[in-house]
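Accompanying notes for the structure given below.
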2 protein chains.
Amino acid sequence: MRISETASASGLSIDTIRYYEKLHLLPKIARGRDGRRDFSAENVEWLILLSSLRETGMPMERMRYFAQLYQRGNETLSERKAVLVDHAVHLDMRRAALDRCSELLAYKLKRYDEMTEDLS
Amino acid sequence: MRISETASASGLSIDTIRYYEKLHLLPKIARGRDGRRDFSAENVEWLILLSSLRETGMPMERMRYFAQLYQRGNETLSERKAVLVDHAVHLDMRRAALDRCSELLAYKLKRYDEMTEDLS
DNA sequence: TACCAAGCTGGAGCAGCTCTAGGTCAAGCG
DNA sequence: CGCTTGACCTAGAGCTGCTCCAGCTTGGTA
């Protein structure tokens with residue numbers, strides 16, 4: 001798969017994919033004889049996971065650790081599982097932050113409405 | 001109120017508060033005769049709002065626009081309202097991203113479990 | 001055969017903090 | 001009264017995580 005297709009499949013930009021490769025967040029990507037990257041289905045699946053983790057706030061350093069586990073193969077499954085379980089907890093915290101913000105916005109909007117009524 | 005108290009009340013760091021002031025995201029902050037900042041209750045409330053908006057992904061540029069409206073006073077209430085309503089929509093998108101990530105994690109964890117069972 | 005889109009690399013630029021160096025000032029202590 | 005401590009100040013450097021740019025190569029179409 002070409003890098004442009006991989007980008008739209010994963011939601012990452014082409015530049016970000018190259019950047020992640022440079023940081024060794026990806027396993028070795030095959031190249032065509034013209035030097036272009038050729039992403040496997042597994043590569044794409046991995047990028048979708050990275051994209052989702054990054055989008056929801058996993059720090060780069062943690063992703064690097066996770067990627068190293070991935071590249072060491074099946075012996076690291078339990079450590080990888082721990083990373084994902086931790087991140088699930090983090091998702092709950094983010095959800096709570098969104099909810100707090102929603103509430104605050106609702107309160108502010110109500111106050112704005114009251115203020116515009118008072119003016120009229 | 002001192003900057004350290006304001007930081008813990010708003011959830012922003014002291015450095016970030018000073019940075020926001022430099023970018024004119026805050027109205028003019030009073031100073032004591034020793035040159036230290038003295039935040040009013042309204043200042044703190046404003047910082048709590050900014051903190052909440054930033055934490056949930058509002059870009060700096062948008063915050064700057066919002067801050068300018070705020071500093072122009074009550075005539076801008078309807079524009080400010082629009083900013084907050086837009087952001088509420090953005091919150092829903094973020095929630096959806098969290099949910100997609102949760103689902104993906106659940107799927108991956110299930111697969112990990114199947115793989116470790118196969119190994120044993 | 002000439003072009004154009006898509007890819008490549010190395011490196012600069014940008015957003016949004018975060019940290020550091022080097023200083024001021026007020027309060028508390030001996 | 002002098003000394004120390006700690007919270008604050010400023011200007012500016014450094015960091016993360018992209019994002020963009022210049023200048024080049026290649027493969028497919030007319």
Side-chain angles (χ1 to χ4, degrees), chain A residues 1-26 28-40 43-44 46-68 83 87 90 94 97 101, chain B residues 1-26 28-40 43-44 46-68 83 87 90 94 97 101:
Chain A
M1 215 183 199
R2 286 182 292 135
I3 197 169
S4 55
E5 299 171 290
T6 306
S8 36
S10 66
L12 296 168
S13 74
I14 291 176
D15 277 322
T16 300
I17 291 173
R18 288 198 278 244
Y19 175 66
Y20 282 7
E21 188 190 20
K22 206 182 305 190
L23 297 189
H24 308 294
L25 294 183
L26 315 184
K28 197 150 175 44
I29 302 297
R31 300 277 181 140
R33 72 176 47 179
D34 56 357
R36 296 183 187 189
R37 290 170 184 82
D38 182 13
F39 293 85
S40 69
N43 293 154
V44 174
W46 175 245
L47 279 165
I48 289 171
L49 179 53
L50 288 190
S51 170
S52 195
L53 295 174
R54 192 69 201 82
E55 183 186 16
T56 55
M58 182 177 287
M60 240 34 202
E61 195 47 49
R62 188 80 171 148
M63 302 233 302
R64 199 190 300 248
Y65 169 66
F66 187 52
Q68 276 168 17
V83 170
H87 192 66
H90 172 83
R94 289 233 153 183
C101 186
Chain B
M1 212 183 203
R2 288 182 292 133
I3 197 170
S4 56
E5 299 171 291
T6 306
S8 36
S10 66
L12 296 169
S13 75
I14 291 176
D15 278 321
T16 301
I17 291 172
R18 288 199 278 245
Y19 174 67
Y20 282 7
E21 189 190 19
K22 204 182 308 189
L23 297 189
H24 309 293
L25 295 184
L26 315 184
K28 197 150 173 47
I29 302 298
R31 300 277 183 142
R33 73 177 44 180
D34 56 357
R36 296 183 187 192
R37 290 171 184 82
D38 183 12
F39 293 86
S40 70
N43 293 155
V44 174
W46 175 246
L47 278 166
I48 289 170
L49 179 54
L50 288 190
S51 169
S52 194
L53 295 175
R54 193 68 200 84
E55 183 186 17
T56 56
M58 182 177 286
M60 241 33 203
E61 195 47 50
R62 188 80 171 149
M63 303 234 303
R64 200 189 298 247
Y65 169 66
F66 186 53
Q68 277 168 16
V83 171
H87 193 66
H90 173 84
R94 288 232 153 183
C101 187

Value rounded to 0.5 Å, distance of NZ in A/Lys28 from CG in A/Asn43: 11.5 Å
CG-CZ distance between A/Leu50 and A/Phe66, expressed to the nearest 0.5 angstrom: 7.5 Å
All N/O pairs under 3.5 Å across the protein-nucleotides 26-28 of chain D interface:
from	atom 1	to	atom 2	distance (Å)
D/dT26	O2	A/Arg36	NH2	3.1

Along DNA chain C, first and last positions that approach a heavy atom of chain A under 4.0 Å: C/dA6 to C/dT9
Atom pair CZ/CG of A/Phe39 and A/Leu26 - distance to nearest 0.5 Å: 6.5 Å
Pair up each side-chain donor or acceptor in residues 3-11 of chain A with any protein partner under 3.5 Å, not counting sequence neighbours, and list the distances.
from	atom 1	to	atom 2	distance (Å)
A/Glu5	OE1	A/Arg2	N	2.9
A/Thr6	OG1	A/Arg2	O	2.8
A/Ser8	OG	A/Ser4	O	3.1
A/Ser8	OG	A/Glu5	O	3.3
A/Ser10	OG	A/Thr6	O	2.9
A/Ser10	OG	A/Ala7	O	3.4
A/Ser10	OG	A/Leu12	N	3.2

Where A/Ala97 and B/Glu55 come nearest, the two heavy atoms and their spacing: CB-OE2, 3.5 Å
Under 3.5 Å, which N/O atoms of the protein pair with N/O atoms of nucleotides 16-22 of chain D?
from	atom 1	to	atom 2	distance (Å)
D/dG17	OP1	A/Met60	N	3.2
D/dC18	OP2	A/Tyr20	OH	2.8
D/dC18	OP2	A/Arg54	NE	2.9

Close side-chain approach of A/Arg94 to B/Arg94, heavy-atom, < 4.5 Å: yes
Verdict with reasoning, A/His90 to A/Thr56, per side chain to side chain donor-acceptor pair (under 3.5 Å): CA-CA 9 Å; A/His90 172 83; A/Thr56 55; 6.0 Å; no
Check: B/Leu25 main-chain N/O paired with B/Trp46 side-chain donor or acceptor under 3.5 Å: yes
Nearest-0.5 Å distance that lies between atom CG in B/Leu49 and atom NE2 in B/His87: 9.0 Å
B/Leu23 CG to D/dT10 P, straight-line distance once rounded to whole Å: 14 Å
Contact check, side chains of A/Val83 and A/Met58, non-hydrogen atoms, under 4.5 Å: yes
Heavy-atom side-chain proximity of A/Asp38 to A/Arg31 below 4.5 angstrom: no
A/Arg31 vs D/dT25: side-chain N/O to OP1/OP2 distance below 4.0 Å: no
Give every donor-acceptor pair under 3.5 Å between a side-chain atom in residues 15-24 of chain A and any protein atom, sequence neighbours left out.
from	atom 1	to	atom 2	distance (Å)
A/Thr16	OG1	A/Ser13	OG	2.8
A/Glu21	OE1	A/Arg37	NE	2.6
A/Glu21	OE1	A/Arg37	NH2	2.9

Integer-rounded Å distance: D/dA11 P and B/Glu21 CD: 11 Å
For DNA chain D, stems built from three or more consecutive Watson-Crick or G-U wobble pairs below 3.5 Å: C:1-30 with D:1-30
Position toward the 5' end of DNA chain D (nearest nucleotide), B/Lys22 or B/Glu5: B/Glu5
